[in-house]
Amino acid sequence: MIKRFKPLLLPVLSMLICATVFSVSYNIALSDAKLHALDNIKLRIALDFDSIGVEQPFFKNAGNEWQLKNYIEALNVKLKEQKSPVLVKQITAISKEAALHSDGLHVLEKPFGTIQIDLTNRNTFPWHGLPIAMLIGLGASLIWQRKQVKHRHRVEITALHSAEQPEKPLLIIDLYQKTMQLFDTGKKVALANKPLCFYLALLEYSTMNPDKILNANKDLPPEFQELADKYFHRLVALGHTIRKRPNFGNSLEKTLSEIRAALDEVFEELPDLKASYYPPKAHGEGSRSKLHSFNLQTFDADTVQIHGK
């Protein structure tokens, strides 16, 4: 029963954590906002003190209850417009002795009297933000779970490749569909006629001649041309093309770039296994590039399977 609901545990926990963080953060910000609002209220009342109608015992003034009520209502209207988290509930004259035993934050002392300001909280909690915070937690957990699935898949593929007797070849090239893929479950990547025939010829030529130099600045060996022609005629026999045979010796760098791009996509999840199948790139200029060879010297023919050969 627990295993059944285990995949839901992380998303639910993430939503609860984000909702809690959102609520705690709001309450901290609300406390600061209340203190700031109280300071503004005390300043406003201090400026209006002589006209608000509050009792002033020093002057033997009983105050004006109706005037005080109207002042509080008008003050609260302004506070609502300012999105204040608190409103004024009551303004009361108190003695200095009583002020010593009250909350000092709510006491306003004037030269001829002391008053206490009673406040009431407004319900300003942003409920609309709570589901947004929970959705963020849910999204983060789903992204993390997806990465974990990809990681496990990568580990499984690596373990399969590392087995002493793998059941299937690593790289599968399908002439029927003109695609390459990693095992029989990997992503299929399509190749055009010329780079596909060229790569098949390169695999076969490298197997027979691992020490021969293949340089993009020199003509292809006749044996290489024959192998490329062989695979092109096979594509014609399979009904893929009616165009004339391409010149495999032209635009070698462009052809090699297309092959490398396709292999990058095929080995996207396992780039460490790509080296023996990847035509090496030339580094440097001048004499260094002239000595470069795109021959697959470490290629193992047993790790490739060609369908439709």
K.L.:
Is there a side-chain contact (heavy atoms from CB on, under 4.5 Å) between Tyr278 and Ile259? Walk through the geometry before answering.
P.N.:
CA-CA 8 Å; Tyr278 201 78; Ile259 293 171; over 6 Å; no

K.L.:
Identify the heavy atoms of Leu235 and Cys197 that sit nearest to each other, and give their distance.
P.N.:
CD1-SG, 3.4 Å

K.L.:
Any side-chain heavy atom of Leu202 within less than 4.5 Å of one from Leu296?
P.N.:
yes

K.L.:
Indicate yes or no: at least one non-hydrogen side-chain atom of Leu256 is less than 4.5 angstrom from one of Glu258.
P.N.:
no

K.L.:
Begin with the C-alpha distance, continue with both residues' side-chain angles, and end with the deciding distance and a verdict on side-chain hydrogen bond (donor to acceptor under 3.5 Å, both in side chains) for Asn193 and Lys178.
P.N.:
CA-CA 8 Å; Asn193 296 332; Lys178 296 197 301 183; 2.8 Å; yes

K.L.:
State the NZ-CG distance between Lys274 and Leu263, to the nearest 0.5 angstrom.
P.N.:
7.5 Å

K.L.:
Just checking, any donor-acceptor pair under 3.5 angstrom between side chains of Thr255 and Tyr199?
P.N.:
no

K.L.:
Go through Lys42 and Ile117 one step at a time and tell me if the side-chain contact (heavy atoms from CB on, under 4.5 Å) criterion holds.
P.N.:
CA-CA 8 Å; Lys42 290 169 72 173; Ile117 305 168; 3.7 Å; yes

K.L.:
Would you name the heavy atoms of Asn295 and Pro210 that are closest together and state the gap between them?
P.N.:
ND2-O, 3.6 Å

K.L.:
How long is the gap from CG on Leu196 to OG1 on Thr179, to the nearest 0.5 Å?
P.N.:
8.5 Å

K.L.:
Considering only heavy atoms from C-beta outward, does the side chain of Thr207 approach that of Leu203 to under 4.5 Å?
P.N.:
no

K.L.:
Taking the basic N atoms (NZ, or NE/NH1/NH2) and the acidic carboxylate oxygens, is any pair closer than 4.0 Å for Asp174 and Lys188?
P.N.:
no

K.L.:
Under a 4.0 Å threshold between the charged nitrogen and the carboxylate oxygen, would Glu204 count as salt-bridged to Lys230?
P.N.:
yes

K.L.:
Are Leu43 and Val77 connected in the hydrophobic side-chain network, where two residues link if heavy atoms are under 4.5 Å apart?
P.N.:
no

K.L.:
Counting only heavy atoms not in Asp219 (residues, nucleotides, ligands), do more than 12 fall under 6.0 Å from its CG?
P.N.:
no

K.L.:
Ring-plane angle category for Phe224 and Phe198, please: parallel below 30°, perpendicular beyond 60°, tilted otherwise.
P.N.:
tilted

K.L.:
Determine, stepwise, if the pair Ile91 / Leu68 fulfils side-chain contact (heavy atoms from CB on, under 4.5 Å).
P.N.:
CA-CA 8 Å; Ile91 301 175; Leu68 180 60; 4.1 Å; yes

K.L.:
So which heavy atom on Leu191 is nearest to which on Met180, and how close?
P.N.:
CD1-CE, 3.8 Å

K.L.:
Which heavy atom of Leu175 sits nearest to which heavy atom of Tyr231, and what is that distance?
P.N.:
CD1-CD2, 4.5 Å

K.L.:
Give a yes or no on whether Tyr277 and Met208 share a hydrophobic cluster (residues Ile, Leu, Val, Met, Phe, Trp, Tyr; joining criterion: side-chain heavy atoms under 4.5 Å apart).
P.N.:
yes

K.L.:
Indicate yes or no: at least one non-hydrogen side-chain atom of Leu214 is less than 4.5 angstrom from one of Tyr205.
P.N.:
yes

K.L.:
Side-chain contact test, heavy atoms from C-beta onward, threshold under 4.5 Å: evaluate it for Phe299 versus Val304 and give yes or no.
P.N.:
yes

K.L.:
Is any side-chain heavy atom of Lys80 closer than 4.5 Å to a side-chain heavy atom of Leu87?
P.N.:
yes

K.L.:
Can you list the steps and then say if Asp264 with Arg260 is a salt bridge (charged side-chain N to carboxylate O under 4.0 Å, His left out)?
P.N.:
CA-CA 6 Å; Asp264 286 337; Arg260 293 183 187 114; over 6 Å; no

K.L.:
Start with the C-alpha gap between Leu79 and Ile41, add the side-chain angles, then the distance that decides, and say whether side-chain contact (heavy atoms from CB on, under 4.5 Å) holds.
P.N.:
CA-CA 9 Å; Leu79 291 175; Ile41 291 171; 3.8 Å; yes

K.L.:
Can you tell me how far OG1 of Thr303 sits from CG of Leu273, rounded to the nearest 0.5 angstrom?
P.N.:
10.0 Å

K.L.:
Looking only at heavy atoms, what is the nearest atom pair of Arg245 and Phe232, with distance?
P.N.:
CA-CE2, 3.4 Å

K.L.:
For residues Leu182 and Val266, report the shortest heavy-atom separation together with the two atoms involved.
P.N.:
N-CG1, 3.9 Å

K.L.:
Working to the nearest 0.5 Å, report the span between CG of Leu170 and CG of Asp300.
P.N.:
10.0 Å

K.L.:
So, Lys194 versus Asn247: side-chain donor-acceptor pair below 3.5 Å or not?
P.N.:
no

K.L.:
Check whether more than 12 heavy atoms from other residues, nucleotides or ligands sit under 6.0 Å from atom NE2 of His307, and answer yes or no.
P.N.:
yes

